[in-house]
K.L.:
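Got a structure here, written out as structure tokens. Questions coming.
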Amino acid sequence: MSTQIVNGFSRLSREEKIKWLENNFLTDPNDISAQLYSFLHQDCQVQKVLDGFSENTICNFPMPYGLAPNFLIDGKMYCVPMVIEESSVVAAASSAAKYWAERGGFHTEILGTVKVGQLHFKRAHFDTKDSMGANFINTVLEQYADALEAFFVDYDSLPDEKRDVQIIMAILSNHTPECVVRASVSCPVSELGTSGNGMLAEKMAEKFRVAVQIARNDPYRATTHNKGIYNGVDVVGLATGNDFRAVEAAGHTYAAMSGQYKSLSQCEIEDGIFRFWLEIPLALGTVGGLTSLHPLAKLSLQILGNPGAEELMRIIASVGLAQNFAAVRSLVTTGIQKGHMKMHLLNILNHLNADQPEIEKAYAFFADKTISYAAVRTFLESMRVPVS
Ligand code: MEV
């Protein structure tokens, strides 16, 4: 393991970077470069574009690109592209989308699209001698504010003594409480149907409502609950080339605006109607940045019908709500692990190098059994015992 500082790393070619990696950080470099090269795009032009998105790139890091069909949003049907490595997310989104498409679909409302930019500047220092000086300081600060305003109108009008106002930084704020969308679903409780484990609609609805209430009150649960929402939000954000870190940061601040971190979604049952909604800040783009450069981000937007930013807000909020609905419904009915592990079975089988006949037998065997890594390994071992 190297302890030497490397200089000029970014100026090395891809080959040189990989060589350096092998020499310094890989104890068994066998096949590493071949593996890395195998993930490069076959079209050099596309690879050049991909490399341009970051710095010090040595290859690409593939992620599954899937589709969640049947999203009925404000009366329009969408097929939503998703980039995610968690097996159950696309399945959950697709199933919730179909479920709500049969019950009127998602309804959305843009609550605002305003974003905030900030200029931070360093305040002057005052020595007000024997006076407390608040009035004096406030007066001068107000003059600074006026001068700063005037600066943008007419630079020359700024008095000399005020020119040393020091701008600390200028940056947009990712906190976007005025760039918010609401997505909702509703139907009579009786139409919620019987859940997979035979739980009746009334019971499921009430447990669901209480589960959301818990996430409104308990930050521990709220964090996990909101993570479920971002399972839907981030993956479409990523698929459309949006900055999902900014989107998440905004959401978590928004969730804490009351002074306590809360769930972003809410649920009520009134006069026999089940209503579930999500209010979420989403500062998104559909032009510029990665959206038009990344070939798959471009494709994602095309699949969605080339929406503007507001339409994309509506779509992503609906996907977040769908994801949240699917997760909470599982939690209050079958429990999350059953579905999760069923989706994860293939990962475990691949990890244990199962071949196709073994995979098929494992799916049949575990159809009605609890799936765990140990159980799958034991199952495969039992099948692989040589017949004497
Ligand atoms: C897992 O990725 C997401 C959930 O934990 C969300 C939730 O608990 O609501 C299932």
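One-based numbering, in listed order, for ligands and for the atoms of each. All heavy atoms count here, side chains included; hydrogens, waters and symmetry mates do not.
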K.L.:
Between the protein and ligand 1, which nitrogen or oxygen pairs come in under 3.5 Å, and how far apart is each?
P.N.:
unit_1, atom_1, unit_2, atom_2, d
ligand 1, 2 (O), Glu86, OE1, 3.3
ligand 1, 2 (O), Glu86, OE2, 2.6
ligand 1, 2 (O), Lys227, NZ, 2.6
ligand 1, 2 (O), Asn231, ND2, 2.9
ligand 1, 8 (O), Arg221, NH1, 2.9
ligand 1, 8 (O), Arg221, NH2, 3.4
ligand 1, 9 (O), Arg221, NH2, 2.8

K.L.:
For Leu296, which fellow cluster members are found when Ile, Leu, Val, Met, Phe, Trp and Tyr are connected by side-chain heavy-atom distances below 4.5 angstrom, either directly or through intermediates?
P.N.:
Phe61, Met63, Tyr65, Leu67, Val83, Leu238, Phe244, Leu299, Ile303
K.L.:
Using a strict 4.0 Å threshold on nitrogen-to-oxygen distance, state whether Glu22 and Lys19 make a salt bridge.
P.N.:
yes
K.L.:
Going by an N to O cut-off under 4.0 Å, is there a salt bridge joining Glu16 and Arg11?
P.N.:
no
K.L.:
If you measure from the Lys or Arg side-chain nitrogens to the Asp or Glu carboxylate oxygens, is any gap between Glu311 and Lys76 under 4.0 Å?
P.N.:
yes
K.L.:
Run the salt-bridge test on Arg245 and Asp243 with the 4.0 Å N-O cut-off and return the result as yes or no.
P.N.:
yes
K.L.:
Ignoring hydrogens and angles, state whether a donor on the side chain of Glu279 or Tyr254 is under 3.5 Å from an acceptor on the partner side chain.
P.N.:
yes
